[in-house]
J.: 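Here's a structure for you.
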Amino acid sequence: MNVADPIAAVTDADPYPYYRHLAATRPFHRDAALGLWVAASADTVAEVLAHPDCRVRPTAQPVPPALAGTPAGDLFGRLVRMTDGAPHAALKTVVLRAMAGIDLPAARLRVRALAAHLPRVEADDAHEANRWMFTLPVLCVADLLGLPLERDEAGHVSTRVAGFVATFAAAMSPLARPADVEAGAVAAQWLTRWAGENAAPGGLLAAMAQAAGEADIDPATLLANAIGLMIQACEATAGLVGNTLVRLGRTGEMGEMGDVGDVEQLVADVARTDPPVQNTRRFLAADATLCGESLKTGDAVLVLLAAASHDPAARADPADRPWTFGTGRHGCPGDALARLLAAVTVESLLQRDVNPRRLLRGLRYRPSVNARIPLFTPSHY
Ligand code: HEM
């Protein structure tokens with residue numbers, strides 16, 4: 001259990017004994033070295049996420065300083081994920097309605113059809129797995145939004161949009177370097193122009209725009225949140241795909257994975273036991289008593305979703321939503337779609353003979369403070 005702290009746990013080879021220990025022995029504590037309060041049990045995680053004074057951004061800093069004043073910062077500041085209070089509630093209603101309107105069985109067929117038009121470009125399994133994890137789910141969300149995907153003369157779908165989305169997502173990370181932030185600004189501009197000019201009338205974006213108009217949400221904010229759906233789908237779903245491939249590599253189950261039901265069940269289990277989003281943060285907007293402790297305005301809480309998932313004292317109800325999707329006001333509205341997208345991506349990789357056991361040879365995790373996303377090393381490196 002040689003895990004240094006809850007941030008190092010995110011990318012540790014096996015952080016779960018450490019998380020279980022924290023949940024059992026220090027369910028809510030202050031980590032002086034990190035300068036953060038830490039919620040580590042199912043009960044404390046739920047309490048923090050439900051507390052009205054626990055906000056998704058520090059009050060004085062709605063946009064991270066590195067992004068502020070750039071097109072990336074403008075997009076960031078409009079996202080439902082990054083907003084609280086009345087603007088959040090209005091946007092969340094629009095987003096929830098849009099997600100509820102997705103016909104999942106029809107979406108499954110569309111993703112499979114899209115997958116059929118993504119060629120295998122490299123013989124190396126690791127390369128293909130890395131590429132697909134970050135492209136197919138995002139392309140599918142773009143397609144559902146009614147945005148046009150480019151195709152080449154052979155009918156192969158271009159992955160360009162997914163590249164811009166991944167670039168923007170990387171710029172949002174606290175680990176982003178100045179060059180990443182600069183690239184994120186370019187990506188934000190490209191995505192805003194492209195999505196703003198190309199939405200098809202029958203797609204989700206058009207439906208969201210209509211609902212937003214009725215709710216007095218301005219068009220730029222609505223557009224940002226349509227792009228936000230692709231951004232939310234990017235890293236977390238890539239992590240769910242990758243962690244499922246790791247599980248398959250370890251258990252050697254892929255031989256029996258005949259039908260998609262099995263893959264979807266496996267994905268649901270991985271979302272609980274090796275979750276892609278391991279933590280989230282909250283910032284106190286007022287002095288408050290939280291989990292029996294006195295917190296001050298501006299204090300930050302690291303909310304260990306992955307520890308809640310492994311808390312032995314938590315109720316083991318298989319119908320419960322996996323903790324990795326959060327809970328409360330900011331809970332993920334895309335969880336069902338995320339599981340479907342991850343399952344189809346895994347299924348497609350297996351159909352293209354990607355062998356999960358071979359992927360384990362070069363397994364690392366992408367540097368991240370909150371997302372557990374495998375990075376498979378191609379064999380020629
Ligand atoms: C495995 C994939 C995914 C995981 C693990 C995940 C996880 C999460 C988590 C933990 C949050 C809440 C963060 C917080 O409370 O601080 C969240 C919010 C959100 N997610 Fe997901 N997500 C995934 C995929 C998706 C997809 C595919 C979509 C949509 C297409 C989506 C849309 C959103 C949106 C719009 C929010 C903001 C909700 C709000 O702030 O009220 N997510 N997600």
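The first residue of the sequence shown is numbered 1, and numbering continues consecutively from there. As the structure lists them, so they are numbered: ligands from 1, and atoms in each ligand from 1.
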J.: For the residue pair T221 and R78, confirm or rule out a side-chain donor-acceptor distance under 3.5 Å.
T.: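 Present: a donor and an acceptor within the cut-off.
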J.: Can you tell me if R339 has a non-hydrogen atom under 4.0 Å from ligand 1?
T.: no
J.: If you count the atoms of ligand 1 from 1 in the order shown, which ones are under 4.0 Å from a heavy atom of A233?
T.: 26 (C), 27 (C)
J.: Please verify the inter-ring angle class for W37 with F28; under 30° counts as parallel, over 60° as perpendicular, anything in between as tilted.
T.: parallel
J.: For ligand 1, is R281 a contact, meaning one of its heavy atoms is under 4.0 Å away?
T.: no
J.: Let me confirm one number: the OG1-CG distance from T159 to L149, rounded to the nearest 0.5 Å.
T.: 10.5 Å
J.: Is there a donor in the side chain of Q189 and an acceptor in the side chain of R193, or the other way round, less than 3.5 Å apart?
T.: no
J.: Where's the contact between M230 and ligand 1, heavy-atom distance under 4.0 Å: side chain, backbone, both or neither?
T.: neither
J.: Counting only heavy atoms, which portion of T324 has something under 4.0 Å from ligand 1: side chain, backbone, both, or neither?
T.: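 Within the 4.0 Å criterion, T324 contacts ligand 1 through backbone and side-chain atoms alike.
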J.: Could you check which of R329, R81, M99, R282 puts a non-hydrogen atom nearest to atom 15 (O) of ligand 1?
T.: R282
J.: Which is it for V38 and V301 under the side-chain contact (heavy atoms from CB on, under 4.5 Å) test, yes or no, and what are the steps along the way?
T.: CA-CA 6 Å; V38 178; V301 187; over 6 Å; no
J.: Using a heavy-atom cut-off of under 4.0 Å, does the side chain or the backbone of L240 touch ligand 1, or both, or neither?
T.: side chain
J.: Counting heavy atoms only, name the option from A342, C332, G334 that's nearest to atom 42 (N) of ligand 1.
T.: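 The residue whose heavy atom sits nearest atom 42 (N) of ligand 1 is C332.
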J.: Among K92, H330, E235, whose heavy atom sits nearest atom 12 (C) of ligand 1?
T.: H330
J.: So for atom CD, which belongs to Q210, do other residues, nucleotides or ligands contribute more than 12 heavy atoms lying within a distance under 6.0 Å?
T.: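 No, CD of Q210 has 12 or fewer neighbouring heavy atoms, counting only those of other groups under 6.0 Å.
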J.: So for atom CZ, which belongs to R151, do other residues, nucleotides or ligands contribute more than 12 heavy atoms lying within a distance under 6.0 Å?
T.: yes
J.: Look at atom 31 (C) of ligand 1 and say which protein heavy atom is nearest, naming residue and atom and giving the distance to 0.1 Å.
T.: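 Here the closest protein heavy atom is Q232 CB, 3.4 Å.
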J.: So, S41 and T44: side-chain donor and acceptor under 3.5 Å apart, yes or no?
T.: yes
J.: Students often mix this up, so state it plainly: with edges at 30° and 60°, are the rings of Y16 and Y19 parallel, tilted or perpendicular?
T.: tilted
J.: Looking only at non-hydrogen atoms, find the nearest pair between A9 and Q278 and report the distance.
T.: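 That closest heavy-atom pairing would be O-OE1, 4.0 Å.
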J.: Taking a cutoff of less than 4.0 Å between a non-hydrogen atom of the residue and any ligand atom, is P333 in contact with ligand 1?
T.: yes
J.: Decide yes or no on side-chain hydrogen bond (donor to acceptor under 3.5 Å, both in side chains) for R247 and T273, but give the supporting numbers first.
T.: CA-CA 10 Å; R247 173 70 55 83; T273 51; 2.7 Å; yes
J.: Name the closest protein heavy atom to atom 6 (C) of ligand 1, giving the residue it belongs to and the distance to 0.1 Å.
T.: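 Scanning the protein heavy atoms, the shortest distance from atom 6 (C) of ligand 1 goes to F325 CD2, 3.6 Å.
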J.: Is ligand 1 less than 4.0 angstrom away from at least one heavy atom of M82?
T.: no
J.: Give the atoms of ligand 1, by number and element, whose distance to some non-hydrogen atom of H88 is under 4.0 Å.
T.: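 Those of ligand 1 that fall under 4.0 Å from H88 are 39 (C), 40 (O), 41 (O).
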J.: Ignoring angles and geometry beyond distance, decide whether T237 reaches within less than 3.5 Å of ligand 1 through its nitrogen or oxygen atoms.
T.: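 Between T237 and ligand 1 (N or O atoms, distance only) the closest approach is not under 3.5 Å.
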J.: Give me the nearest non-hydrogen protein atom to atom 16 (O) of ligand 1 as residue plus atom name, then the distance to 0.1 Å.
T.: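 Answer for atom 16 (O) of ligand 1: T280 OG1, 2.5 Å.
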J.: How far is atom 3 (C) of ligand 1 from the closest protein heavy atom, and which atom is that?
T.: A236 CB, 3.3 Å
